[in-house]
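Worksheet for the structure shown next.
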Amino acid sequence: MRSAPGLLVARRDGDGLVRDAARQRGATVVVVAPGGPDLANHVLLTVEGARSVGLPVAAVVIAGPGGADQRPIVREHAGAAAVVELADPQAPSSTVATWPLRDWAAAEPAPVGGAAGDVALAPYSPWEERDVPDPRAAGRGAIDPVLAEIVAAEGPILAARAYGLYNKASGGKKLTSIARAPLSAAAYRLRMAGRIEIVPAEDTPGQGDEILRVAGTPPVRVRELGPRSLDEVPLPEIAELMERLTTAGADDLKRAVLDAYGLVRMTAKADEYLERALELTA
């Protein structure tokens with residue numbers, strides 16, 4: 001708490017708020033608040049500050065004693081966020097071990113109000129590019145941990161995008177079959193080690209590529225477009241977005257998807273890709 005006093009304070013580098021940095025990193029928020037007379041005010045302002053910019057709030061942790069009269073207010077108004085108590089902040093391990101941290105990490109943003117067709121999208125967390133060795137010459141000890149990083153940051157992710165990110169970071173221009181082969185082998189080693197899951201291309205009609213995600217994480221996360229092109233978004237992610245847009249009252253689903261992603265032109269390529277996603281909703 002000393003290093004991050006709140007979402008609505010200035011970043012250490014002075015460029016915007018802590019909340020802005022959290023969005024850039026695609027963070028999921030867990031609010032930790034000490035018990036006391038200001039408990040509800042502290043928690044609910046933070047929750048609202050996060051949700052107003054589309055950050056998912058997974059849980060509220062009430063630390064220590066105090067604020068007994070405030071706790072029901074927090075539970076009533078925290079929305080979908082789990083509310084848990086940490087009786088002894090000085091010895092948290094046994095309590096924290098019982099919390100569903102993996103589920104919290106996959107929390108979705110709260111639905112937004114407004115015009116028909118409005119839905120909340122989770123922030124997209126892009127992999128932070130850094131220098132990596134040429135996949136054609138590097139050994140598994142160099143490739144595997146980097147690919148695991150990429151999948152952890154951006155998964156579920158199309159294999160072609162994951163391999164392309166690695167290839168670009170290594171100085172490569174085009175993802176050739178020669179460059180792809182050792183990256184694909186790394187993905188299968190990670191799967192054998194239980195670190196990632198791979199959805200075969202044939203399991204997603206129309207996709208034509210595998211989908212990689214960290215083992216045990218949800219198969220679909222509906223996120224902002226981020227740095228991806230439309231055809232780099234896994235079809236199941238677009239299909240789930242279409243389902244949510246339908247529930248929100250959208251009529252023209254293809255156009256609604258473009259609007260949700262901040263895109264304008266309905267090119268022939270975009271129309272064809274969105275049609276494949278639409279077929280998955282049938």
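What you see below is based on every heavy atom in this structure, not just the backbone, and it leaves out hydrogens, waters and symmetry mates.
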Donor-acceptor pair, distance only, cut-off 3.5 Å: does the side chain of Glu129 make one with the backbone of Leu165? no

Is a side-chain donor-acceptor pair under 3.5 Å present for Thr176 with Arg136? no

Say whether, by atom type as modelled, one donor and one acceptor occur between the side chain of Glu197 and the main chain of Gly216 under 3.5 angstrom. yes

Shortest non-hydrogen separation from Ala186 to Asp144 and the atoms involved: CB-OD1, 3.2 Å

Without swapping roles, check the side chain of Tyr163 against the backbone of Ala179 for a donor-acceptor pair under 3.5 Å. no

Side-chain ion pair, Asp20 and Arg11, N-O less than 4.0 Å: no

Ignoring hydrogens and geometry, is there a side-chain-to-backbone donor-acceptor pair from Asp38 to Asn41 under 3.5 Å? no

Short side-chain to backbone donor-acceptor contact, Asp209 and Ala160, under 3.5 Å: yes

Would you say the side-chain atoms of Tyr188 and Glu210 include a donor-acceptor pair closer than 3.5 Å? yes

Can a donor-acceptor pair be found, under 3.5 Å and without considering hydrogens, that links the side chain of Ser52 to the backbone of Gly49? yes

Pairing residues for Glu232 by the side chain to side chain contact (heavy atoms under 4.5 Å, CB included) criterion, not counting sequence neighbours: Arg161, Arg228, Ser229

For a salt bridge (charged side-chain N to carboxylate O under 4.0 Å, His left out) with Glu237, tell me which candidate from Arg223, Arg213, Arg221, Arg244 qualifies. Arg223

Regarding Glu149 and Tyr166, is there a side-chain donor-to-acceptor distance under 3.5 Å anywhere? no

So, does Thr247 use its side chain to make a donor-acceptor pair with the main chain of Glu243 at under 3.5 Å? yes

Give a yes or no answer on whether the side chain of Arg19 reaches the backbone of Val53 with a donor-acceptor pair at less than 3.5 Å. no

Between Lys168 and Asp131, is there a side-chain N and carboxylate O pair less than 4.0 Å apart? no

Answer yes or no: is there a side-chain heavy-atom contact under 4.5 Å between Leu225 and Leu263? yes

